[in-house]
Amino acid sequence: MKLAFTTLGCPDWSFDKIVEEAERLGFEALEIRGIDGQMRAEEIPLFFPENAETTKKRMESRRLKICGFGTSAKFHDDGAFEASVDEGKKAIDVCQRMGIPYIRVFGDQIAGEEVREHVISQAAKGIRMLCEYAEGKGVGVLLEVHGNFNTIEAVCGVAGQLKDRPEFGILWDIEHSDKTYGDGWRAFYDQVKPYIKHTHIKDHKRNGGRFDLCLVGEGDIPIADIVKTLQADGYDGYFSLEWEKKWHPELPDPSVALPGYLEFMRGL
């Protein structure tokens, strides 16, 4: 089991503290979603061409990898389409330089049934453009299960249009699909399984249509069953804790969430 966490969970920590804690706790990798307030890959000084080798050596000295980069690129908004493609391409360039295997992008929102097919096609189009740009660069492009792209119809609607692109994959955020499928998660998993290359693990309590984030293992998502099923089916990607402290500052501190996650996962 390869365990990681996203830097979204520790927005107030310096990079030095992040890697120190990751090594001390025994994580295998970091997933980058912002460092020192910078969210775009090309704007993070640690990844600048003149600093790249030093940063990589720092990670190697801590026996840590960077397993992915979370962009903000999303393809539901026609007006932001070109900007999202540009952000994705710049992230791919940085990831190639840094040896980071994946970028994450969103389909995100579907405003209504009348635009569903258009938005799904737009997402597939944008991701195809990024996959073509990434060809030969050692970087994959992952559609995150997120927002309204948390159903079989939406996710497979994109995946079905990208079967010819080896760079394409799915980042399965188990919390977002739980909002639609709950304990019936296998119906979703069986359809997207061939495309899953990375996972986000988090938990919530189902409170009558409201989903309240909580420490992993304290909520209603059947995480143990999901993780064991992935392992039994040969999944060899990372199980990455997405602790959304940056967006939800009321959540417990990462000094609580990170060791708690490790304890839960290692106890499975």
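Computation of the quantities below employed the complete heavy-atom set of this structure, encompassing side-chain atoms and omitting hydrogens, waters and symmetry-equivalent molecules. All of these numbers come straight from a predicted model, not from anything done at the bench.
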Is there a donor in the side chain of [X] and an acceptor in the side chain of [Y], or the other way round, less than 3.5 Å apart?
X: Asp93; Y: Tyr133; value: yes
X: Thr229; Y: Arg186; value: yes
X: Arg97; Y: Thr55; value: no
X: His204; Y: Glu175; value: yes
X: Asp16; Y: Ser14; value: no
X: Asn150; Y: Ser177; value: no
X: Glu144; Y: His198; value: no

Is there a path from Ile221 to Val155 through hydrophobic residues (I, L, V, M, F, W, Y) whose side chains come within less than 4.5 Å of each other?
->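 Both belong to a single hydrophobic cluster.
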
With hydrophobic residues grouped by side-chain heavy-atom distances under 4.5 Å, do Val227 and Leu3 end up in a single group?
->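 Yes.
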
[X] [atom1] to [Y] [atom2] distance, which is reported to the nearest 0.5 Å:
X: Ile35; Y: Ile18; atom1: CD1; atom2: CD1; value: 6.0 Å
X: Ile44; Y: Gln38; atom1: CD1; atom2: CD; value: 7.0 Å
X: Leu46; Y: Asp36; atom1: CG; atom2: CG; value: 7.0 Å
X: Tyr195; Y: Trp172; atom1: OH; atom2: CH2; value: 15.5 Å
X: Asn51; Y: Lys56; atom1: CG; atom2: NZ; value: 12.0 Å

Heavy atoms of other groups near Glu132 CD, more than 12 under 6.0 Å |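 Buried by this count: over 12 neighbours within 6.0 Å.
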
Flag yes if more than 12 heavy atoms outside Lys137 fall under 6.0 Å of its NZ atom; otherwise flag no.
->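 Atom NZ in Lys137 is packed in, count exceeds 12.
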
Other than Tyr238, which residues form its hydrophobic cluster under the rule that side-chain heavy atoms must be closer than 4.5 Å?
->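 Members other than Tyr238 - counting any ILVMFWY side chain reachable under 4.5 Å - there are none.
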
Basic-acidic side-chain contact under 4.0 Å: [X], [Y]:
X: Glu135; Y: Arg165; answer: yes
X: Glu242; Y: Lys202; answer: yes
X: Arg128; Y: Asp164; answer: yes
X: Glu21; Y: Arg24; answer: yes
X: Glu113; Y: Arg116; answer: yes

Side-chain contact test, heavy atoms from C-beta onward, threshold under 4.5 Å: evaluate it for Met39 versus Lys246 and give yes or no.
->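 Answer yes - side chains close enough.
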
Are any of the side-chain heavy atoms of Lys197 and Leu171 separated by less than 4.5 Å?
->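 Side chain of Lys197 against side chain of Leu171, heavy atoms only: no contact under 4.5 Å found.
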
Qualifying ring-ring contact (aromatic ring centres under 6.0 Å, His included) pairs, either residue in residues 27-57, two or more places apart |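 Output for this query lists Phe5-Phe27.
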
Which ring-ring contact (aromatic ring centres under 6.0 Å, His included) pairs, counting each pair once, include a residue from residues 94-130, with sequence neighbours left out?
->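 ring-ring contact (aromatic ring centres under 6.0 Å, His included) check on residues 94-130 returns Phe106-His146.
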
Determine, using ring centers only, whether Trp243 and Tyr261 are less than 6.0 Å apart.
->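 Ring-ring flag for Tyr261/Trp243: false, centres at least 6.0 Å apart.
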
Asp178, Asp220, Asp212 screened by salt bridge (charged side-chain N to carboxylate O under 4.0 Å, His left out) with Arg206, the one that passes |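 Of all the options given, the one that passes is Asp178.
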
